[in-house]
A.B. asks: 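Starting off with a structure, shown below.
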Amino acid sequence: MKIALLGNPGVGKSLIFNQLTGLGVEVNRYPGSSVELEYGNVCYKQEKTEIVDLPGIYSLDGNSEEETLVRTFLTSGGADVIVAVLDATKLERNLYLFVQAAEFSPKMIAVINMIDAAERQGMHIDAGILSSHLGVPVILAAASEGKNIDRILPVALGEATPARVHVPYDHHIEAALKSLEKTIGTPIHMNLLALQGTGDDPVLLDAAGAIAQEISMRHRMSVSQIIATNRHNYAREITSAVIKRTDRKKPYDLDSLLTRTFPGIPILCTILFLLLLSVFMIGSWMEGIIVAAFTSMIITPFTALALPPLWNQIGFSLLIALQAGFGIAFPFVFTFYIGLSLLEDTGYMTRAAFLADRAMHRIGLHGQAIIPMVIGFGCTVPAVMSLRLLKTRREQTIAAVLVTMIPCSARTVVIAGIVAAFVGIFWAFSIYLIIFVLLILTAVVLSRITPGEQFGMIVEMSILRRPQAKLVLAKSWLRIKEFLFIAMPVLIVTSILLGLCQYLGLTELFEQMVAPVTVTLLGLPVYASTALLFGVFRKELAFETLAVLAGTANLGSVMTNVQLYTFAVVSVLFVPCVSTMAVLYRQLGARIAIITSIYTVFLGLFIGAIINILMK
């Protein structure tokens, strides 16, 4: 038995999915699509039931990947039962999608979520009357409180039935539907889509196209507009019949502050700064504790074992990888996702995207891209993972390249530990200025050459609400475990490979091979290439390796200021760390990960060479 959850974005569908399935969730791409679906299993009455969380959409008429996927899913009978999740506070608009899905004739039930928020607004929904209008069982629920979630499975498995809804379409539309059904024999949902130019049956599309053109000429409006108007009117009639309103004192509208240029933008900057500061400070605090404990309790005793050189190198590389993953990346990933889940749970994320939209559009992105950009200053791994906030492949590609160039906290360690400490604070800040200029130039170029159309952003303002600790932690864990199960294995394998290279003397061979670049082009000591190589594993490791190879932590005594400055710039711009590339590969595929790596390598070497020439 398979159940699919269908609904608009932001109706609490994913929260219901998590409550039904627990934390054991599998994420896969739907066949023939790049859209990811979440699958979960639950045992009910000793029988396994699979639950699918379909992407949130507003309509089945469009041609976006999400809409096409859901339409194909319904047409192919991808689920035995459709659980339509509707927002009680926006019932009329949510019924539009329900009516469309009902025309595919699947077995359905309706879950009216956020009933608690609706009651606070003075709205009371009569479930019995709504059920009689829709012809399916109706459950009034509040997922944030867990109210009536336990009723969904029993009702879906035992009482689901095809909905009995009939939209009173314009008489010309009705006549067209009957004509197409009689002459071609296709069902109503295919005929409705064909009248709007959607479908893959050429015979049906030709016949429907001719009829649609005639109807449009008579009405002086498109068939899509006529159909949408009929459906909205039908949804309005149902909503008026089932909702009773009581007078409630209207609360103060915080959006009058949060969505205006002033004070909205200062508030946004403050919130993002506090988020970044929290990620950096809490992550750094956790990093110090974990790294120190790991070193004293595991690495130091291991080095005292005096194992044979090969096994010592493999074991040490494995431990370094575990220390880097759990001690360096994980604290920042953990802190970020706690903060992001808090912002999502309060409903503020949509306000932030709205305020940033105009500025981000100038570089080919939407306002929602502001979140990955800012988080990149804390850790690039969660920043890349948060690219899923962006809806199109074009935006994700542009943002991916830019995010990998942002100086994360590990790169900040290199800047602070090398340039600020030995060259000067002014020169340390100048690196950030160089990166900012390169980011803008890269963004402008990418916005011109990246394929795909740039769309305007239409975003629904989520309800502002108080976050709940249990939901925040559950949502954070679902995201954090993706890092643990994807990036960590790559970290371990890469660390062991680097350790073997060092044991076999390949790093020395590497230094000799790239000496023309390291020494001649960049003006650095020959051993700096090995430090840059280890920086691929973890950025601050470039600083640590450089000190080890130089034989002293006082780098100013063995390298000139120009060399220190050049090394820091190249290290910061150089190919992103392995964790970032692993997550980037997972998010956007090998092609984007490779192109990003090649671009950042050449960019780092090019800027480093210019600095070496100008500052000699």
A.B. asks: Which atoms form the tightest heavy-atom contact between Phe98 and Met108, and what is the distance?
C.D. replies: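 Looks like CE1-CE, 3.5 Å.
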A.B. asks: Calculate, to the nearest 0.5 Å, the distance between atoms CG and CG belonging to Leu130 and Leu95 respectively.
C.D. replies: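 Reported to 0.5 Å precision, the distance equals 6.5 Å.
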A.B. asks: Less than 4.5 Å apart, any side-chain heavy atom of Tyr44 and any of Pro154?
C.D. replies: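 Tyr44 reaches Pro154 side chain to side chain.
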A.B. asks: Set out, in order, the CA-CA distance, both residues' side-chain angles and the distance that settles side chain to side chain contact (heavy atoms under 4.5 Å, CB included) for Lys13 and Asp53, then state yes or no.
C.D. replies: CA-CA 7 Å; Lys13 178 171 53 64; Asp53 186 13; 2.8 Å; yes
A.B. asks: Any side-chain to backbone donor/acceptor pair from Gln19 onto Ala143? Under 3.5 Å, distance only.
C.D. replies: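 Checking the backbone N and O of Ala143 against the side chain of Gln19, a donor-acceptor pair under 3.5 Å is found.
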A.B. asks: Donor-acceptor check, side chain of Thr21 to backbone of Asn41, threshold 3.5 angstrom: yes or no?
C.D. replies: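 No.
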A.B. asks: State, to 0.1 Å, how close Ala156 and Val83 come at their nearest heavy-atom pair, and which atoms those are.
C.D. replies: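 The pair with the smallest heavy-atom distance is CB-CG2, 4.2 Å.
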A.B. asks: Apply salt bridge (charged side-chain N to carboxylate O under 4.0 Å, His left out) to the pair Arg218 and Glu214, showing each step before the final yes or no.
C.D. replies: CA-CA 6 Å; Arg218 289 194 177 195; Glu214 183 179 345; 3.5 Å; yes
A.B. asks: Quick check on Gln213: does its CD atom have over 12 non-hydrogen neighbours (other residues, nucleotides or ligands) under 6.0 Å away?
C.D. replies: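 It does not: Gln213 CD has 12 such atoms or fewer within range.
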A.B. asks: Quick one: pull up CD in Glu92 and CD in Glu237 and give me the separation to the nearest 0.5 Å.
C.D. replies: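 So the gap between those two atoms works out to 10.0 Å.
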A.B. asks: State, to 0.1 Å, how close Leu69 and Pro55 come at their nearest heavy-atom pair, and which atoms those are.
C.D. replies: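 So the two residues come closest at CD2-CD, 4.0 Å.
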A.B. asks: I'd like to check Glu67 versus Leu60 (side-chain heavy atoms, cut-off strictly below 4.5 Å). Are they in contact?
C.D. replies: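 Not touching, per the 4.5 Å side-chain cut-off.
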A.B. asks: Is there side-chain contact between Tyr58 and Arg93, with at least one heavy-atom pair below 4.5 Å?
C.D. replies: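 In short, these two side chains touch, coming nearer than 4.5 Å.
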A.B. asks: Which atoms form the tightest heavy-atom contact between Thr346 and Pro467, and what is the distance?
C.D. replies: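 The pair with the smallest heavy-atom distance is CG2-CD, 3.6 Å.
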A.B. asks: Looking at side-chain heavy atoms only, is the closest gap between Asp116 and Lys147 below 4.5 Å?
C.D. replies: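 No - every pair of side-chain heavy atoms lies 4.5 Å or more apart.
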A.B. asks: Given 3.5 Å as the limit, does a donor-acceptor pair link the side chain of Ser76 with the main chain of Phe73, or not?
C.D. replies: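 Yes.
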A.B. asks: Quick one: sort the His172 and His219 rings into parallel, tilted or perpendicular, breaks at 30° and 60°.
C.D. replies: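 The arrangement is perpendicular - the two ring planes meet at more than 60°.
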A.B. asks: Measure the spacing between CD of Glu50 and CD1 of Ile3 and express it to the nearest 0.5 Å.
C.D. replies: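 The distance works out to 10.5 Å.
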A.B. asks: Step by step, work out the side chain to side chain contact (heavy atoms under 4.5 Å, CB included) result for Met373 and Leu365.
C.D. replies: CA-CA 11 Å; Met373 295 294 176; Leu365 295 172; 3.7 Å; yes
A.B. asks: Which value, rounded to the nearest 0.5 Å, describes the distance between Phe354 atom CZ and Leu268 atom CG?
C.D. replies: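 Phe354 atom CZ to Leu268 atom CG measures 12.0 Å (nearest 0.5 Å).
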A.B. asks: Between the main-chain N or O of Leu588 and the side-chain N or O of Arg393, is there a donor-acceptor pair closer than 3.5 Å?
C.D. replies: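 Yes; judged by distance alone, with no hydrogens or angles, the pair exists.
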A.B. asks: If you look at every heavy atom in Pro263 and Leu257, which pair is closest and at what distance?
C.D. replies: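 It is CD-O, 3.7 Å.
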A.B. asks: Evaluate the side-chain proximity of Ile188 to Glu181: yes if any heavy-atom separation is below 4.5 Å, no if none is.
C.D. replies: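 Of all side-chain heavy-atom pairs linking Ile188 with Glu181, none is under 4.5 Å.
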A.B. asks: Examine distances only and state if a side-chain atom of Thr183 and a backbone atom of Ser179 form a donor-acceptor pair shorter than 3.5 Å.
C.D. replies: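 Answer holds: yes.
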A.B. asks: Are Val583 and Thr380 packed together at the side-chain level, in the sense that at least one heavy-atom pair is separated by less than 4.5 angstrom?
C.D. replies: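 When only atoms from C-beta onward are counted, Thr380 and Val583 do not touch, as no gap falls below 4.5 Å.
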A.B. asks: Judged by atom type as modelled, is there a donor-acceptor pair below 3.5 Å linking the side chain of Ser132 to the main-chain atoms of Ile129?
C.D. replies: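 Yes; judged by distance alone, with no hydrogens or angles, the pair exists.
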A.B. asks: Ignoring hydrogens and geometry, is there a side-chain-to-backbone donor-acceptor pair from Asp80 to Lys2 under 3.5 Å?
C.D. replies: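 A pair under 3.5 Å: yes.
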A.B. asks: Could you tell me the separation between the CD1 atom of Ile115 and the CG atom of Leu91, rounded to the nearest 0.5 Å?
C.D. replies: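 Between atom CD1 of Ile115 and atom CG of Leu91 there are 9.0 Å.
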A.B. asks: Grab the two heavy atoms, one from Phe17 and one from Ile51, that are nearest each other, plus how far apart they are.
C.D. replies: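 Result for this residue pair: CE1-O, 3.4 Å.
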A.B. asks: Could you please spell out the steps behind the side chain to side chain contact (heavy atoms under 4.5 Å, CB included) verdict for Asp61 and Thr198?
C.D. replies: CA-CA 8 Å; Asp61 298 328; Thr198 301; 6.0 Å; no
A.B. asks: With a 4.5 Å limit on heavy-atom distance, are the side chains of Ile227 and Arg231 in contact?
C.D. replies: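 Sidechains of Arg231 and Ile227: in contact.
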A.B. asks: With side chain to side chain contact (heavy atoms under 4.5 Å, CB included) as the criterion, how do Leu193 and Arg71 come out once you've worked through the C-alpha distance, each side chain's angles and the decisive distance to 0.1 Å?
C.D. replies: CA-CA 10 Å; Leu193 290 170; Arg71 194 165 57 236; 3.4 Å; yes
A.B. asks: Side chains of Leu86 and Val11: does their closest heavy-atom pair fall under 4.5 Å?
C.D. replies: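 Result no, sub-4.5 Å side-chain heavy-atom pair not found.
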A.B. asks: Does any N or O in the side chain of Asn113 come within less than 3.5 Å of the main-chain N or O of Asp87, such that one atom is a donor and the other an acceptor?
C.D. replies: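 Judged by distance alone, no pair lies under 3.5 Å.
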A.B. asks: With rounding to the nearest 0.5 angstrom, report the CG to CG distance, Leu177 to Leu192.
C.D. replies: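 With rounding to 0.5 Å, CG (Leu177) is 4.5 Å from CG (Leu192).
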A.B. asks: Using only atom types and a distance under 3.5 Å, with no angle test, would you say the side chain of Asn191 pairs donor to acceptor with the backbone of Ala176?
C.D. replies: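 No: the side chain of Asn191 does not pair with the backbone of Ala176.
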A.B. asks: If you measure only the distance, is there a donor-acceptor pair under 3.5 Å linking the side chains of Tyr599 and Thr404?
C.D. replies: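 The answer is no; no qualifying pair exists.
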